[in-house]
Amino acid sequence: VTRDGGKNWENVTPPGSPKLNMMNCIDIDPHNKGGAYLAATSYKFGDYTPYLYKTSDYGKTWTKITNGIPKNHYTRAIRVDPVRKGLLYAGTEWGMYISFDDGANWQAFQLNLPIVSIRDLHIRDNTLIAATHGRSFWMIDDLGPIQQLNKKTTSKSHHLFEPKPAYRMAQSRGWGSPNYNKVGQNHPNGVLFNFFVKDYDETDDGKKENKKVTLEIKDANGKVIQSFKSNAKDKKQKLKVKKDNNQFVWDMRYPGFQEFDGMVLYSSPNRGPKAVPGNYSATLTVDGNSETQKFTIAKDPRLKNTDEDYRNQLDFLLQVRNKVSEAHQAMTDIKSVRDDVEYFQNKLNENKVYDEVLGLLSDLEKEMSVIENKIHMTSNQSRQDPLNYGIRVNNRLAFLLADQQRGDFPPTDQAEEVREQLTNELNEELLKLDNLLIEKLKVINAKGRSLGVQIICDRLNRKKNP
């Protein structure tokens with residue numbers, strides 16, 4: 001060691017270490033001035049003993065720290081966690097070890113890592129990278145749960161760890177690799193939540209009521225963006241929970257548009273817009289008991305987008321999404337009215353007393369069908385059918401939604417022009433539908449009441465649920 005820029009050097013080899021050894025790794029302690037850690041080995045001379053040392057006085061004195069590491073697991077590397085004081089990682093010829101008490105005790109930290117020589121360790125962006133001999137590089141994407149783990153945390157019935165900041169960026173899912181879902185995965189393209197729930201029934205066979213678990217995402221103003229539940233029927237809102245440790249990835253997206261039975265759209269996946277870079281919070285609730293963690297979505301540092309650019313894109317996409325939902329609510333309303341029409345047609349068609357009412361119901365159904373097929377092409381029953389029958393205004397809006405979120409940019413002038421045109425076109429059909437239902441249903445129901453039957457109730461829920 002030198003204390004004068006290299007003019008003079010002092011031998012500070014730890015006492016008791018073999019003279020014939022290699023100093024594999026030295027790491028400075030960022031939490032203590034004068035602190036350092038050393039990993040050495042003497043395996044080339046037949047000595048497989050692990051040699052790990054620490055100093056707090058610039059090498060004047062050393063303490064051996066290998067308790068818990070097997071006597072033949074000779075050491076290759078040691079690294080200090082930059083966030084949590086006293087948290088150490090060690091690489092040996094036979095795998096990984098971790099210490100939560102500054103090296104006083106070690107325990108295996110193998111996880112899914114094969115038994116392999118760990119030649120070096122590096123921590124970057126709170127990711128632990130292990131360089132192995134013959135097994136490539138291995139990484140733990142988020143050290144947050146390990147850094148936050150303590151007795152207070154583990155004593156809880158459930159806990160949500162503070163998430164690592166997530167970058168909003170386009171990222172491949174690795175479809176080109178036949179083993180993309182098994183090995184070599186990229187970090188999840190979203191916010192990674194780590195949490196545990198003790199005493200959770202993994203089988204959830206319905207024989208007993210399981211704990212109700214909810215993960216709620218809110219923006220900086222406390223407005224709920226997404227809510228995922230363990231008992232959700234919708235797969236998109238399903239929070240998969242198992243006993244103890246869990247991971248959930250939020251893709252940073254708002255909910256997509258409302259769907260309806262028989263919906264077939266062309267080149268328009270139902271994906272909500274991405275949240276803008278900024279501050280957010282997540283709340284984990286288990287049987288009514290909640291705890292909240294704050295987190296950040298960061299913008300892609302390679303882009304020159306302003307906050308206003310992101311906000312303009314989000315506002316535009318939400319407008320389009322809501323308009324698609326409005327169109328699809330109309331489709332749901334039409335189906336509901338049609339179900340009533342068909343029911344009474346089947347019930348009343350044997351009696352001539354109801355011929356006038358049946359005629360009115362038939363006219364209503366025909367007029368609704370005209371409007372319906374201007375909103376959505378009902379002939380499309382499979383994904384390729386639009387090639388034959390074309391698409392209508394709902395699909396064109398849905399495509400606009402998909403097209404304008406391909407990048408992180410505000411809407412173009414052309415996109416805004418298309419949105420206005422399609423919105424006006426849809427509004428015209430929705431107005432026709434409203435007027436039709438109001439006028440026709442009033443006449444039909446009045447006629448039905450005079451004959452002693454209640455035909456159809458008003459079905460204008462669309463305005464309540466845009």
Side-chain angles (χ1 to χ4, degrees), residues 14 16-18 20-29 36-54 62-150 154 161 164 179 181-187 192 194 196 244-247:
S17 64
L20 300 176
N21 62 10
M22 295 181 290
M23 304 302 172
N24 274 20
C25 176
I26 300 174
D27 205 29
I28 303 301
D29 186 353
Y37 298 84
L38 170 68
T41 183
S42 190
Y43 77 94
K44 289 190 175 183
F45 302 96
D47 181 4
Y48 292 171
T49 304
Y51 293 108
L52 297 177
Y53 298 90
K54 71 176 181 179
W62 293 87
T63 302
K64 190 175 181 180
I65 49 171
T66 57
N67 184 45
I69 301 177
K71 294 182 179 180
N72 63 336
H73 285 204
Y74 57 91
T75 44
R76 296 280 194 175
I78 186 170
R79 296 296 176 193
V80 189
D81 189 275
V83 175
R84 177 171 172 174
K85 183 178 180 180
L87 179 56
L88 308 177
Y89 310 98
T92 75
E93 183 66 14
W94 298 94
M96 283 281 299
Y97 289 85
I98 189 171
S99 173
F100 291 92
D101 52 11
D102 204 27
N105 297 281
W106 294 87
Q107 55 186 296
F109 190 49
Q110 204 65 16
L111 303 178
N112 65 336
L113 184 68
I115 301 299
V116 67
S117 174
I118 308 297
R119 295 301 179 97
D120 201 359
L121 296 169
H122 181 66
I123 298 174
R124 180 172 179 175
D125 296 333
N126 223 33
T127 295
L128 178 63
I129 306 168
T132 72
H133 185 63
R135 293 295 185 274
S136 191
F137 289 96
W138 290 69
M139 293 188 291
I140 295 179
D141 290 321
D142 185 5
L143 289 172
I146 298 170
Q147 295 162 341
Q148 299 167 43
L149 200 62
N150 53 50
T154 56
F161 293 95
K164 179 181 180 179
N179 296 316
N181 61 339
K182 298 179 181 178
V183 296
Q185 289 178 289
N186 287 331
H187 187 279
L192 177 60
N194 290 279
F196 67 78
D244 293 330
N245 300 323
N246 293 270
Q247 283 191 334

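Everything numeric here is computed off the predicted structure, so don't read it as measured data.
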Residue pair Q110, I115: steps toward the side-chain contact (heavy atoms from CB on, under 4.5 Å) verdict: CA-CA 8 Å; Q110 204 65 16; I115 301 299; 3.8 Å; yes
Residues L128, M96; criterion side-chain contact (heavy atoms from CB on, under 4.5 Å); working and verdict: CA-CA 11 Å; L128 178 63; M96 283 281 299; 3.9 Å; yes
Candidate pair L143 and L87, rule side-chain contact (heavy atoms from CB on, under 4.5 Å), full reasoning: CA-CA 11 Å; L143 289 172; L87 179 56; over 6 Å; no
Verdict with reasoning, I118 to W138, per side-chain contact (heavy atoms from CB on, under 4.5 Å): CA-CA 10 Å; I118 308 297; W138 290 69; over 6 Å; no
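Within the 4.5 Å cutoff, side-chain heavy atoms of Y51 are placed close to those of K64. You'll find the side chain of W106 stays beyond 4.5 Å of the side chain of T66, heavy atoms only. Under the 4.5 Å side-chain criterion, counting only non-hydrogen atoms from C-beta, H133 is not in contact with R76. Using a 4.5 Å cut-off on side-chain heavy atoms (C-beta onward), N194 and N245 make no contact. By the 4.5 Å heavy-atom criterion applied to side chains, F100 and I146 are counted as neighbours.
No side-chain donor-acceptor contact under 3.5 Å links T41 to the backbone of M22. With hydrogens and angles ignored, the 3.5 Å screen pairs a side-chain donor or acceptor of D27 with a backbone N or O of V80.
Distance check, rounded to the nearest 0.5 Å: CD1 of I140 to CG of L111 gives 5.0 Å. In this structure, NZ in K54 is found 13.5 Å from CG in L38, a value given to the nearest 0.5 Å. Residue D101 holds its CG atom at 8.5 Å from CG of L88, rounded to the nearest 0.5 Å. Once rounded to the nearest 0.5 Å, the distance linking CG of D141 with CD1 of I129 reads 9.5 Å. In this structure, T49 OG1 and N72 CG are separated by 9.0 Å, a value rounded to the nearest 0.5 Å. Rounding to the nearest 0.5 Å places CG of D120 at 9.0 Å from CZ of F137.
Considering every non-hydrogen atom in both A104 and S99, the closest pair reads N-OG, 4.0 Å. Heavy atoms only, all atoms of each residue included: L52 and A39 are closest at CD2-CB, 3.6 Å. Nearest heavy-atom pair across P50 and H73 is CB-O, 3.3 Å. Contact detail for L121 and R79: the closest heavy-atom pair is O-NE, 2.7 Å. Residue N67 comes nearest to N105 through the heavy atom pair ND2-OD1, 2.7 Å, listed as atom of the first residue, atom of the second, then distance. In terms of heavy-atom proximity, I98 sits nearest to Y89 at CD1-CE2, 3.8 Å.
Heavy atoms from other residues, nucleotides or ligands lying under 6.0 Å from CH2 of W94 number 12 at most.
A donor-acceptor contact under 3.5 angstrom links the side chains of Q147 and N126, judged on distance only. Side-chain polar atoms of D125 and T127 form no donor-acceptor pair below 3.5 angstrom.
Classified by interplanar angle (parallel below 30°, tilted 30° to 60°, perpendicular above 60°), the ring pair Y43/Y74 is parallel.
Salt-bridge formation is not detected for the pair D102/K85: no Lys NZ or Arg NE/NH1/NH2 atom is positioned less than 4.0 Å from an Asp or Glu carboxylate oxygen.
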